[in-house]
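Working notes for the structure below.
What you see is a predicted model, and the numbers here were worked out from it, not measured in a lab.
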Amino acid sequence: MKYNYIKQAIASIRQQPVMSLVSIIGTSLAILLIMVIVMIIEVPVASFSPESNRDRWLVYKFGSITHESWGADDSSNGPLGFNTVKAVFYPLETAECVTAFCISPSEAAFSLPGTASFGAQLLDVDDRFWNVMDFTFIAGKPFTRADFDSGISVAVLSESVARKLYQSVDVVGREVLINHVPYRVCGVVEDVSELANEAYAQAWVPFTTTNVAAFSWCDYMGSLSVIILAKTPDDFPAIREELKERFDKFGDEIKLGGWKFIQRERPYTQTVAANTQWANLNPDMEQVVRSRLIIFSILLIVPAINLSNMTHSRLRRRREEIGVRRAFGARRSSIIREIFIENLVVSLIAGVIGLLLSVIFALIWREGIFGTDNVNLEILIHWTIFGWALLFCFLLNLLSAGIPVWKASRVNVVDALNNKIK
């Protein structure tokens, strides 16, 4: 039965090719615009290599600390010190893994002995970093716990940096000068997109080989961010509870110096972390959700009004058909169902076209949209994106076809036969 409705819908579309084409184009453009916005929203939170486990992350990007000599509302906010990481985060037992790394990459000079240097992005990380992130190694392997603890000068290079230095990726064991300090290459990985906000760099070294581990103020704040990898998202409450206990214990120690950490609802999920603008304020996710709902509502309602007028025009052309069917005893529910499915088919066809156009648009203008050229289909296309596309198709169909279909089903048989549908 449903298959017959779909066949009738396709036949109706062929009978009115111009109106159907206009409807498809209008819906496609609406879906294109909505999908580009959804991609911009989804990219910072969706999982893709090397940040494939974002759904299991708890992020502690910044810490907040205050002193008893400061005012009641005064605090200092920023990355954590290595002492805090070792005392509070590394010992977590409910987490699968915990990694600490420099808050952001820095520009470093890369060269070979006797050659001119060039700049590339360097990120100081720990050995656990490679367990939380899933880089694709094309040569060698990451540095080990022993390398990290001993402060051995080893480095992982991106493919582009390795080729620029050696014209090859088969470079494991060779020497590279990073900021004029000799490092031994232990591995080479595929280039990473800048959209991988935490993992992105062009080379990675143990932060025990630089000044990151030693840098701190008040012994507790420094240059490090932390990501806690849970076994499953169901473990988040237990991890937060254990982290609170460890901070409370650590707080008993540091309060002797007058210091106190302020949690500000940390650690955050990746979704919350991506929408947190300020380290000294709790994130207002309700405002974020409200803003998105307003944007999506506008993007849906405006095209729905236009499509509703098109649907009404298409129904006016079929008024005699509706009248004849009503005269022969067709039920209102049958007419509503058929016309609704017809519009749904149009919406789905337009949705697929709009989704494809949005991907093409995002790939062509990726630098203007995302701020980087390193964007591929793995980053843009997820089941979430497909789900949003189908949802918007259904909502557009519901909004644009609902009232015209209801009016068409309730028209008087005589008026329909005499072309008096309004």
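Looking only at side-chain heavy atoms (C-beta outward), R56 and P233 come within less than 4.5 Å of each other. For the pair S225/I103, a side-chain contact is recorded, criterion being any heavy-atom separation below 4.5 Å from C-beta on. You'll find the side chain of V188 stays beyond 4.5 Å of the side chain of V156, heavy atoms only. Taking 4.5 Å as the limit, some side-chain heavy atom of R174 sits within range of a side-chain heavy atom of Y166. Under the 4.5 Å side-chain criterion, counting only non-hydrogen atoms from C-beta, K86 is not in contact with P91. Residues D127 and T144 are not in side-chain contact: their nearest non-hydrogen atoms beyond the backbone lie 4.5 Å or more apart. Counting heavy atoms from C-beta on, the side chains of W130 and V125 come closer than 4.5 Å. Residues S358 and L355 are in side-chain contact: their nearest non-hydrogen atoms beyond the backbone lie under 4.5 Å apart.
In this structure, CD1 on I353 lies 4.5 Å from OG on S28, to the nearest 0.5 angstrom. Atom SG of residue C102 and atom CG of residue L123 lie 6.5 Å apart, to the nearest 0.5 angstrom. Note that CG of L32 and CD1 of I25 are 12.5 Å apart. Values are rounded to the nearest 0.5 Å. Atoms CE and CD1, from M35 and I40 in turn, are 11.5 Å apart once rounded to the nearest 0.5 Å. Between atom CD of residue E198 and atom CD of residue E51 there is a gap of 6.0 Å, rounded to the nearest 0.5 Å. Within the model, atoms CZ of F143 and OG1 of T208 stand 7.5 Å from one another, a figure rounded to the nearest 0.5 Å.
Using modelled atom types, no side-chain atom of N83 and backbone atom of Y220 make a donor-acceptor pair closer than 3.5 Å. Side-chain atoms of T66 come within 3.5 Å of backbone N or O of D74 as a donor-acceptor pair. Checked by atom type and distance alone, the side chain of Q202 pairs as donor or acceptor with a backbone atom of Q121 at under 3.5 Å. Judged purely by atom type and a 3.5 angstrom limit, S111 has no side-chain atom pairing as donor or acceptor with the backbone of A116. One N or O on the side chain of T209 and one on the backbone of P206 form a donor-acceptor pair closer than 3.5 Å. Looking at H67, its side chain does come within 3.5 Å of a backbone N or O of G257 through a donor-acceptor pair. Counting only distance, with no hydrogens or angles, the side chain of E68 and the backbone of W259 share no donor-acceptor pair below 3.5 Å. Judged by distance alone, the side chain of T276 and the main-chain N or O of V272 form a donor-acceptor pair under 3.5 Å. Panel note: side chain Q270, backbone A46; no donor-acceptor pair is recorded below 3.5 Å.
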Problem set entry | Criterion side-chain hydrogen bond (donor to acceptor under 3.5 Å, both in side chains) on R292 and N275, from CA distance to verdict | CA-CA 12 Å; R292 290 180 181 176; N275 289 283; 3.0 Å; yes

Problem set entry | F118 and V161: CA distance, side-chain angles, deciding distance, side-chain contact (heavy atoms from CB on, under 4.5 Å) verdict | CA-CA 10 Å; F118 62 89; V161 169; 4.3 Å; yes

Exercise. Would R163 and E159 satisfy salt bridge (charged side-chain N to carboxylate O under 4.0 Å, His left out), going step by step from the backbone distance to the final call?
Worked result: CA-CA 6 Å; R163 292 191 183 280; E159 180 180 0; 3.2 Å; yes

Exercise. After noting the C-alpha distance and the side-chain angles of F48 and L195, does the key distance pass the side-chain contact (heavy atoms from CB on, under 4.5 Å) rule?
Worked result: CA-CA 10 Å; F48 58 87; L195 297 177; 4.0 Å; yes

Exercise. F236 and L58: side-chain contact (heavy atoms from CB on, under 4.5 Å), yes or no, with the steps?
Worked result: CA-CA 8 Å; F236 285 173; L58 285 175; 3.7 Å; yes

Problem set entry | Candidate pair D124 and T210, rule side-chain hydrogen bond (donor to acceptor under 3.5 Å, both in side chains), full reasoning | CA-CA 8 Å; D124 306 75; T210 65; 2.8 Å; yes

For this session: Before giving the answer on side-chain contact (heavy atoms from CB on, under 4.5 Å), spell out for L229 and N53 the whole-Å C-alpha distance, their side-chain angles and the decisive distance to 0.1 Å.
Result: CA-CA 8 Å; L229 179 65; N53 297 312; 3.7 Å; yes

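For F148 and F207, the distance between ring centers is under 6.0 angstrom. When ring centroids are compared, W204 and F101 stay outside the 6.0 Å threshold. Ring centroids of F247 and F89 are separated by less than 6.0 Å, placing the two rings close together.
Under the side chain to side chain contact (heavy atoms under 4.5 Å, CB included) rule, T99 has a single partner from V226, D126, N131, which is D126.
A pairwise comparison of heavy atoms in A100 and Y90 identifies CB-OH, 3.8 Å as the closest pair. Contact record, D134 with S49: O-OG, 3.2 Å, taken as the closest heavy-atom pair. The minimum heavy-atom distance linking A108 with N179 is given by the pair CA-OD1, 3.4 Å. When every heavy atom of P267 is checked against every heavy atom of R240, the shortest pair comes out as O-NH2, 3.2 Å. Looking at every heavy atom in both residues, L112 comes nearest to L165 through CD1-O, 3.2 Å. Across all non-hydrogen atoms, the minimal contact from S47 to R54 is OG-N, 3.5 Å.
Between E242 and R246 there is a salt bridge, with a side-chain nitrogen of the basic residue lying less than 4.0 Å from a carboxylate oxygen of the acidic one. Checked for salt-bridge contact, E241 and K244 miss the test: no charged N lies under 4.0 Å from a carboxylate O.
Ring geometry for F361 against W365 counts as tilted: the plane angle lies between 30° and 60°, on a 0 to 90° scale.
Counted within 6.0 Å of CG on D170, heavy atoms from surrounding residues, nucleotides or ligands total 12 or fewer; the atom is thus considered open. Atom NZ of K231 sits in a crowded spot, with more than 12 heavy atoms from other residues, nucleotides or ligands closer than 6.0 Å.
In the model, R290 has a side-chain atom that pairs as donor or acceptor with a side-chain atom of Q287 under 3.5 Å.
Note that K61 lies outside the cation-pi zone of Y268, set by a 6.0 Å cut-off to the ring centre and a 45° limit from the axis. Stacking of R264 on the aromatic ring of F62 is not recorded, the 6.0 Å distance cut-off and the 45° axial limit not both being met.
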